[in-house]
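The figures that follow rest on heavy atoms only: side chains count, while hydrogens, waters and symmetry mates do not.
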Amino acid sequence: MTVLNPTRRDTLKAVLLGGATAMLPVRLDAARVPAFRPAPIRWIDGAAPAMHTGQTFGVAWPRGVLKRDTALTLRTVRGVGVASQTWTTASWPDGSIKWSAHALAADVTPDGLMVTRGRGVAPQNPVTVTETADAVRVQVGDLRWEIGRTGAALVRSATQSGRAVLGHVTLVGSVRSDPLHGDSVPFAGEIETVTVEQRGPVRGVVRIDGRHVMGDRRWLPFTLRLYAYAGSAALRIVHSFVFDGNAGRDFLTSLGVQATVPMRGSLHDRHVRIATDGQMFAEGVRPLTGLRRDPGRAFREAQVAGHATPPLAQMAPAVRDTLERIPAWGDFRLEQPNAHGWQLTKRTAPGHGWIDADEGARAPGLAYVGGPDGGAAIGQRYFWQRHPTALHIDGADHDTARLTAWLWSPAAPAMDLRPYHGTMGMEGYAAQNEGLSVTYEDYEPGWDDASGIARTSELTLWALPATPDTATLAAMAQAQATPPQLMATPGHLHAAGVFGDWGLPDRSTPNRTAIENQLGNLLDFYAGEVDRRAWYGFWNHGDIMHTYDSDRHRWRYDIGGFAWDNSELSPDLWLWYSLLRTGDATAFRFAEAMTRHTGEVDVYHGGRFAGMGTRHGVQHWSDSSKQPRVSNASYRRIFYYLTADERVGDLMRDLLTSDQRLQQVEIGRKVPGAKKPVLPAGTIEMTFGTTWCPLAAAWLTEWERTGDTRWRDRIVAGLDSIGRLPHGWMTGSAPFDLASGRFRDDGRPIRLSHLNAVFGAVEVSSELIRLLDVPRYRAAWLDYCRWYNAPQAEYLAKFGAPFGPRNLREGHSRLTAYAAHEQQDAALATRAASEFLSGDAGLGTWPTDPRRRTGAVIEWPGVSTNAAAQWGLAAIQCLALIPEALDRAAIVSPDAPAARRPSRDAGRD
C-alpha cells in the first residue's frame with residue numbers, strides 16, 4: 001500500500017487543511033495484479049429460457065486487470081462470438097474497469113456465455129437510433145419505432161416493413177376529489193424532455209420525462225425509459241411516477257399506459273389473445289367456431305391459430321351469407337382485483353351488457369389485439385402481485401382499437417393515500433413519545449404525508465407483423481412476467497473483490513453446513529411468507545413485515561412500527577449478499593422486488609422530505625422519522641451493478657446532496673431530555689452509521705461511476721474527521737459541516753448506539769477501507785468493531801464507566817469478526833463466534849429448523865425481520881472472516897453428518 005506522490009500544491013493544501021483530503025489517500029494494492037480470466041455468465045434459473053426480450057447484465061473485475069477502454073466481447077462456452085454491446089459502469093481508483101455492463105440481443109439464447117477481451121460482434125439487424133428536431137426513430141430490422149419529442153404520444157407509431165401496426169402510445173389516468181363519490185376527471189401524460197441514452201447496436205435507450213396534465217394542472221411527474229434490443233419486436237418500458245398530489249383530495253381512480261392499434265380486414269380475421277394461468281384466451285372478434293352452421297374446417301382452424309382465413313368464397317354459404325348476424329365482440333376486460341383471482345369479461349359495444357368469459361387465480365399480464373397483417377401486445381410485470389391491475393381492449397371491431405395496461409384499474413376503488421389515523425392527542429413531542437412507547441410508531445401530525453413517494457413499473461410493448469401462435473404468446477407472457485436474467489457466476493464476482501466481506505457457500509465442515517442450512521431456511525421462510533401472507537398490492541409489493549404476533553398468529557400489520565419493515569436493519573443487504581454468494585434465482589427476484597419497492601415507495605422524491613426515507617410503519621409513509629438510513633444507496637448498489645438498471649442509478653444520484661435536506665428535517669428533534677447544542681449555520685448533527693454511511697455509499701457510487709473526485713474527496717473528509725475525534729467511531733455522532741464534509745470535534749464522550757452499524761455501515765466501511773488509505777478511520781472503525789460487543793469487565797478496564805446497555809449482540813458479532821480478521825487475533829475470533837452463536841437479541845433457536853405449522857400457517861417462533869436480516873448478514877460475514885473459529889464452536893457435534901440443505905419446496909408448503 002502506498003500513497004500517490006503529492007505535488008507542491010497538494011502539500012500546501014494539506015498543511016492548510018490539516019491533512020484532511022488533499023493527499024488523495026487512494027490505496028494501491030501491493031499485491032500483484034491477478035491474471036485476466038474470462039467471466040463465466042449463467043442464467044439464474046439454471047437453463048436457457050424459451051424466450052427473452054434482450055438482456056443486460058453486469059460483470060465485476062479485479063482491480064488493475066482491465067485497463068480503461070479495454071474492449072470486451074461475449075462468446076458462447078464453445079468460443080463462438082455473440083453480438084453484444086459493452087460499456088463501463090464503474091472504475092477502480094487506478095482507472096481500471098471495476099464493473100462492465102453487457103447487452104445481449106433477444107434472438108440469441110445460449111446455454112452459457114463468457115465475457116472476455118476482444119472486439120464485439122455486430123448483430124445481423126442492429127438497433128439504430130436517429131434524431132430529428134421533432135422525433136427520435138429507433139430501427140430494429142424491419143421494425144421502426146417513432147418516439148415523439150413533444151405532446152402526449154410517447155410513441156407515435158410503429159411500422160413493420162412500412163406497414164403501421166401500432167399507433168399512439170400515451171399515459172392515461174383519472175382522479176376525483178372524494179374516495180367514494182363524484183365523477184373522475186381524466187388526465188394524460190405530456191412530454192417535457194427526451195434524451196437518447198444509448199444508440200445501439202444491440203441496445204437503444206430513450207428517456208422521456210414529463211408530467212401528467214389535467215386542464216391547467218401539471219402534476220404526477222414521470223420518467224419513462226424505452227429499451228429496444230436487436231432481434232426483438234418489443235420495447236421494454238420502465239415507467240416511474242411520483243405522487244405529488246394532496247392525499248386528502250387527490251384520489252387516483254386509474255393510471256395506465258394506452259396504445260392504439262390499427263385494425264384491418266374482416267371482423268372474423270381480427271384476433272384477441274389474453275394470457276391466463278390456465279388456457280390461453282384466443283378468440284376472434286367475430287367468432288367462427290361453435291356456430292350452429294359450420295363455416296368449414298379451414299376457417300375454424302385459421303381463426304384459432306391466428307392466421308388469415310381462406311377467401312370468403314370458400315366459406316360455407318350458410319355462414320357466409322349470415323356473417324352480419326353473428327355478434328362482433330369489441331371490448332374485453334381482464335381484471336385482477338387481488339392476488340388470488342382474476343375475471344375476464346367481454347361485450348359487443350358500449351351500452352350493452354358484459355358477458356363473463358373466464359376466471360382464474362393469477363394472470364401473467366399479457367394481452368394482444370390485431371390480425372394476420374399485424375397487431376400489438378402489451379405485458380405488465382408483477383400483474384397479480386401489484387393489484388388492482390387490468391388489461392383492457394376496446395374497439396376491436398372498429399378501425400382503431402385501444403390496448404391499455406392499467407397499473408391501477410378504473411374498476412377498482414380509488415387509490416387512498418390518506419393517513420390511517422388522526423392526531424389522537426399527539427400534537428406535542430411528549431405525547432408522540434408516549435405513542436412511540438406503546439405502539440413503536442413515531443407519529444407527528446403532517447409528517448405522515450404520501451406526497452413525494454414514487455413507484456416504478458415494468459411493461460413490454462410488442463409491435464408484431466402478424467398474430468403470434470399460442471405457444472409464442474405463452475412464451476411472451478412468461479418472459480415478461482418472470483424475466484430471465486443473466487448473471488456472472490458467484491465465484492467470478494467474489495474473485496473480483498467487490499462489496500466487502502463475503503464468501504462462497506461452504507459445507508466442508510458440520511458447523512459450516514449448519515450455518516449454510518439455516519441461511520437457506522431463512523430465505524425460504526421469508527420468500528414463502530410473501531405468498532402465504534399475501535404481501536402484495538400496488539404500494540406494498542416488495543416489502544416484508546417487521547415483527548410477528550404469536551398471539552394472533554399473524555404479522556403485526558396494524559401495530560405502529562411493527563408493521564411494514566421499510567428496510568429496517570437491512571434486509572435488502574441480506575438478500576443481495578445471499579444472491580451474490582449463491583446466484584440463486586429466488587434470492588435475486590426477492591431482492592429485486594424489494595429494491596424496486598424500498599427505493600421508490602419508502603423514499604421521498606420531491607417535496608420537503610426529498611432524499612429521505614421513512615422508518616417502518618403501518619403505511620410506508622406514516623412514520624415521522626424521515627432518514628437517510630432508509631433512502632440508503634447501499635441498498636441499491638448491488639442491483640445497479642448486476643443489471644446496469646438506469647432507474648436505480650437515477651435514485652442513487654438523487655441522494656448526492658440529500659445531506660442538505662437535514663437542515664430542515666432534524667432527525668433527533670424528539671429525543672427526550674437531549675441537550676441540543678447551538679450549531680453554526682451550515683452545520684448539522686449527524687450520526688456516523690445511520691446517516692453518514694448511507695450518504696457515503698451514494699458518493700462512493702458516483703465517484704466509481706463518473707470518476708468525479710469531488711465525491712471521493714467528500715468521503716475522505718468524513719473518514720479523516722471521524723478518525724481525528726478523540727473517541728473516533730465510538731463518539732456515535734458529531735456536528736457535520738455541510739460545506740467541507742468534515743465532522744467537528746466538540747469534546748463529546750463515548751456514545752454507543754445499537755443502530756449505528758446495522759444500516760450498511762459495516763459493508764460500506766469495509767469497501768472504503770479497501771479503496772482509500774485513511775489510517776485514522778481504519779483505526780477508529782477497528783476500535784468500534786472490537787469494543788461494541790466487548791465483555792463488560794474488559795470494556796470498563798479500557799474506558800471506565802459507564803458501560804451502558806447493548807443490543808443486537810448476535811448481529812454485531814460480524815463487527816468483532818472483522819476486527820479479528822483484520823488484526824489476526826485468534827482470541828477475538830473465538831469471541832466473535834461465541835457472540836454469533838449466542839442468540840442474544842437475534843434469531844435464537846437453531847441449528848435446528850424452527851419452522852412449525854400452526855393451524856393453516858407456518859411460523860418461525862419469535863422471528864422479526866430485524867433479527868433475521870442481521871443474523872443473515874452476520875452468518876455470511878462470519879463464514880467469510882472467521883470460519884475456523886466457527887468450526888471450534890459448539891453448534892453441532894463434530895461427528896454429525898453434513899446435513900442436506902432443505903429444498904425450496906420445504907419452505908413453501
Side-chain angles (χ1 to χ4, degrees), residues 41-46 49 52-60 89 99 101 225 227 236-240 364-365 379-386 454-460 478-488 490 493 499 523-524 526-531 535-544 565-567 570-603 620 632-652 701 760 865 869 872 904:
I41 310 298
R42 58 180 288 275
W43 299 97
I44 61 172
D45 292 298
H52 67 95
T53 57
Q55 285 287 307
T56 300
F57 60 92
V59 179
T89 52
W99 282 93
R225 280 189 171 88
Y227 295 82
R236 177 175 179 249
I237 303 173
V238 177
H239 170 291
S240 306
Q380 185 173 336
R381 192 180 181 193
Y382 299 132
F383 185 74
W384 58 266
Q385 295 95 327
R386 291 193 182 176
R455 198 44 152 156
T456 287
S457 302
E458 299 169 65
L459 304 99
T460 308
Q478 175 65 22
Q480 65 83 33
T482 308
Q485 181 63 47
L486 287 167
M487 177 180 165
L493 295 172
F499 300 131
L523 179 63
D524 288 339
Y526 268 91
E529 283 294 87
V530 170
D531 198 49
W535 290 339
Y536 299 124
F538 182 80
W539 293 109
N540 296 332
H541 175 245
D543 206 355
I544 55 181
D565 191 70
N566 284 30
S567 296
S570 305
D572 317 58
L573 286 178
W574 158 49
L575 295 178
W576 281 120
Y577 278 94
S578 296
L579 177 275
L580 284 175
R581 64 197 303 271
T582 64
D584 180 75
T586 296
F588 180 92
R589 294 193 174 103
F590 196 174
E592 178 188 21
M594 184 173 288
T595 298
R596 287 290 187 209
H597 171 93
T598 58
E600 304 275 2
V601 183
D602 300 346
V603 176
H620 299 287
N632 203 331
S634 290
Y635 300 156
R636 330 282 175 233
R637 280 168 49 79
I638 298 176
F639 179 58
Y640 172 74
Y641 286 126
L642 289 177
T643 64
D645 184 89
E646 283 84 357
R647 171 60 179 175
V648 170
D650 292 346
L651 297 181
M652 293 189 293
T701 307
T865 297
R904 289 259 173 241

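- Closest heavy-atom contact between Ala488 and Gly58: CB-O, 4.2 Å.
- For Arg636, the side-chain hydrogen bond (donor to acceptor under 3.5 Å, both in side chains) test picks out Thr598, with sequence neighbours left out.
- Under the side-chain hydrogen bond (donor to acceptor under 3.5 Å, both in side chains) criterion, Trp384 pairs with no residue at all, not counting sequence neighbours.
- One N or O on the side chain of Gln480 and one on the backbone of Gln380 form a donor-acceptor pair closer than 3.5 Å.
- To the nearest 0.5 Å, atoms CZ (Arg42) and CG (Leu486) are separated by 10.0 Å.
- Not counting sequence neighbours, the partners of His620 by the ring-ring contact (aromatic ring centres under 6.0 Å, His included) test are Trp564, His597.
- In terms of heavy-atom proximity, Ala481 sits nearest to Pro364 at CB-O, 3.7 Å.
- Residues satisfying the ring-ring contact (aromatic ring centres under 6.0 Å, His included) criterion with Trp574, sequence neighbours excluded, are Tyr526.
- Atom CD in Gln478 sits 14.0 Å away from atom NE2 in His52 (nearest 0.5 Å).
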Next item on the list: Please test Ile544 against Phe590 for side-chain contact (heavy atoms from CB on, under 4.5 Å), starting from the C-alpha separation and ending with a verdict.
Entry: CA-CA 10 Å; Ile544 55 181; Phe590 196 174; 3.9 Å; yes

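- The main-chain N or O of Pro484 is found under 3.5 Å from a side-chain atom of Gln55 such that the two form a donor-acceptor pair.
- For Tyr640, the ring-ring contact (aromatic ring centres under 6.0 Å, His included) test picks out no residue, with sequence neighbours left out.
- In this view, Ala591 and Leu575, Trp576 satisfy the side chain to side chain contact (heavy atoms under 4.5 Å, CB included) rule, not counting sequence neighbours.
- The line from CG of Asn566 to OG1 of Thr865 is 11.0 Å long, rounded to the nearest 0.5 Å.
- The shortest non-hydrogen separation linking Leu573 to Gly760 is CD1-CA, 3.7 Å.
- Looking at residues two or more places apart in sequence or on another chain, you find a side chain to side chain contact (heavy atoms under 4.5 Å, CB included) between Ala101 and Trp87, Thr89, Ala644.
- Atom CG of residue Asn632 and atom CG of residue Asp602 lie 12.0 Å apart, to the nearest 0.5 angstrom.
- Applying the side chain to side chain contact (heavy atoms under 4.5 Å, CB included) test to Asp645 and every residue at least two apart in sequence or in another chain returns Arg236, Arg596, Phe639, Thr643, Arg647, Val648.
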Check: After noting the C-alpha distance and the side-chain angles of Leu642 and Gln485, does the key distance pass the side-chain contact (heavy atoms from CB on, under 4.5 Å) rule?
Finding: CA-CA 10 Å; Leu642 289 177; Gln485 181 63 47; over 6 Å; no

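- Qualifying side-chain hydrogen bond (donor to acceptor under 3.5 Å, both in side chains) partners for Thr460, counting only residues two or more places apart in sequence or in other chains: none.
- In this structure, Trp99 has its ring center closer than 6.0 angstrom to the ring center of Phe499.
- Scanning for side-chain hydrogen bond (donor to acceptor under 3.5 Å, both in side chains) contacts around Ser457 gives an empty result, with sequence neighbours left out.
- Arg381 pairs by the salt bridge (charged side-chain N to carboxylate O under 4.0 Å, His left out) definition with Glu458, Glu592, not counting sequence neighbours.
- Pro483 and Arg589 get closest at one heavy-atom pair: O-NH2, 3.2 Å.
- Within the 3.5 Å criterion, the main-chain N or O of Trp535 finds no donor-acceptor partner in the side chain of Asn540.
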Next item on the list: Start with the C-alpha distance between Asp584 and Leu523, add both sets of side-chain angles, then the distance that settles side-chain contact (heavy atoms from CB on, under 4.5 Å), and finish with yes or no.
Entry: CA-CA 11 Å; Asp584 180 75; Leu523 179 63; 4.1 Å; yes

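- With values rounded to the nearest 0.5 angstrom, Tyr635 atom OH is found 11.0 Å from Thr595 atom OG1.
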Next item on the list: Start with the C-alpha gap between Phe57 and Met487, add the side-chain angles, then the distance that decides, and say whether side-chain contact (heavy atoms from CB on, under 4.5 Å) holds.
Entry: CA-CA 6 Å; Phe57 60 92; Met487 177 180 165; 6.0 Å; no

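- A distance of 6.5 Å separates OG1 in Thr456 from CG in Leu651, rounded to the nearest 0.5 Å.
- Residues satisfying the ring-ring contact (aromatic ring centres under 6.0 Å, His included) criterion with Phe383, sequence neighbours excluded, are absent altogether.
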